[in-house]
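Have a look at the structure below before the remarks.
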2 protein chains.
Amino acid sequence: MERLRKHIEEILPLSDEEFLLITTHFTKKRFKKGDYLVRIGETVPQMFFVVSGLLKLFYTDESGKDHILSFPREDWWETDYLAFNTMARAKINLQCLEASEILCITLKDYQNLCNKLPKLEHFFLEKATAGHIASQQRILSLLSSSTESRYEHLLRRYPSLLQRVSKTLLASYLGVSRETLSRLSS
Amino acid sequence: MERLRKHIEEILPLSDEEFLLITTHFTKKRFKKGDYLVRIGETVPQMFFVVSGLLKLFYTDESGKDHILSFPREDWWETDYLAFNTMARAKINLQCLEASEILCITLKDYQNLCNKLPKLEHFFLEKATAGHIASQQRILSLLSSSTESRYEHLLRRYPSLLQRVSKTLLASYLGVSRETLSRLSS
DNA sequence: TGTCACCTGTGATGTAGATCACAAAAAGTA
DNA sequence: TACTTTTTGTGATCTACATCACAGGTGACA
């Protein structure tokens, strides 16, 4: 849980009591490689904070092809936000690429926590804004950049990703076939 | 300003005093078609709420081609959030496609307002989350759908857009050339 | 230690869409 | 109303990328 405290305190200082209150609302779980945290078609009772490990958030289209939205890793918040917030069924999957340590919070606990500690909404607002900005920049790069420069940009921004993720998965994040990406690398 | 009140109260009930407090932090401005609210390279002192009118949020790449991120219209919040929040220079333009009535708020006023009325952060958190979700879905459609189905989806979701926006602009929102879009329509 | 699943590179071929070019139609503007 | 600017459709050509197919490599696990 210390990791969560440091993470929140980058934005919001916390007293010991406040942090204790926060921790009581989360459950720590361990997942193995391949485990699903969210599966298409099921409900999404929780939001997740990644303490350690690596996941993929992805959509599987009608033809069975995967499209990766993100690679959540240490210090990331992730879930199917649409399904989580509206208590609907998931439209996307969230699955472990590595064994992972995760803090989980239910919608009810999340709402309770925000009521008891309203300044946390400031924290989550910052996170949501950052997420929105990042998504917009991804849209821009999909609209305006070549596959090659998107690939270079990705590696520059997350150099460690290449060590942890297969090129097949990187291709499906970039929106090209793995063959095309392979030809780019060489 | 009544429009703003109704808009906020869809999420958050407000007393008359609270709403009065809010209004004192905004400035109402009228813009003509073609006017810029945000221009690449300049600072972004304000965030905008569209009372009436239509705008485009777009990036111009090195080759001079435009890429449209959104068509903000009635009841939308928009700005270059990255530049606004970090007081940096804008990377994207925000320009009027129609004469528009806009409520403007500076970063300082925004922060003051949220301090004085913390429950507003709840409102903005909802908006930011919705924006993030919408952006994610756009990424998914860029990754997984054909141009044709993205076009159909856009028209289904915003049928009025076709009346207000040229196909050239729609093409640059969808990420295809206007020639290709023209061939699709026929 | 052998087997199996997955990953990666590479060739051949097909296709969606970019780009260039032109003309007619529509919409602004003086 | 006349003139300019913008929008739209359509043809011809070119290119990036998808798809299919195959083979060698690597790590996981029984």
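Letters A, B, ... are given to chains in the order of the sequence lines, protein chains preceding strands, and every chain is numbered from 1. Predicted, not measured: the structure shown is a model, and the values here were computed from it.
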Are a donor atom and an acceptor atom from the side chains of [X] and [Y] found within less than 3.5 Å of each other?
X        : Y        : result
A:Arg138 : A:Ser135 : no
B:Ser70  : B:Glu78  : yes
A:Arg150 : A:Thr147 : yes

### Message
Let me spell it out: for each of A:Gly175 and B:Ser166, pick the nucleotide of DNA chain D with the closest heavy atom. Which residue's pick is nearer the 5' end?
### Response
B:Ser166

Round to a whole Å and report the spacing from [atom1] of [X] to [atom2] of [N].
X        : N      : atom1 : atom2 : answer
B:Arg183 : C:dA16 : CZ    : P     : 13 Å
B:Tyr151 : C:dG17 : OH    : P     : 14 Å
B:Asp66  : D:dT7  : CG    : C1'   : 16 Å
B:Leu97  : D:dT6  : CG    : C1'   : 14 Å
B:Arg178 : D:dT8  : CZ    : C1'   : 6 Å
B:Leu169 : D:dT5  : CG    : P     : 19 Å
A:Leu174 : D:dC17 : CG    : P     : 11 Å
B:Leu143 : D:dA18 : CG    : P     : 11 Å

If you check every side-chain atom of [X], which of [options] has the closest atom?
X        : options                : result
A:Ser177 : C:dT8, D:dG9, D:dT19   : D:dT19
A:Thr180 : D:dA18, D:dA21, C:dG28 : D:dA18
B:Thr147 : C:dC20, D:dC17, C:dG17 : C:dG17

### Query
In terms of heavy-atom contacts, does NZ of A:Lys116 have more than 12 from other residues, nucleotides or ligands at under 6.0 Å?
yes

### Task
Tell me what A:Lys65 touches on the nucleic acid: a base, only sugar-phosphate, or nothing, going by heavy atoms under 4.0 Å.
sugar-phosphate

### Message
Check this one for me: any side-chain N or O of B:Thr168 less than 4.0 Å away from OP1 or OP2 of D:dT8?
### Response
yes

### Message
If the cut-off is 4.0 Å, is B:Lys167 near the phosphate of D:dT6, judged by side-chain N/O to OP1 or OP2?
### Response
no

#### Entry: Shared hydrophobic cluster, A:Ile22 / A:Ile11 (ILVMFWY, side-chain heavy atoms < 4.5 Å)
yes

### Query
Does B:Glu148 or B:Lys33 map to a spot on DNA chain C nearer the 5' end, using the closest nucleotide for each?
B:Glu148

### Message
Would the base of C:dC20 count as contacting B:Glu179 through its side chain, where contact means a donor and an acceptor less than 3.5 Å apart?
### Response
yes

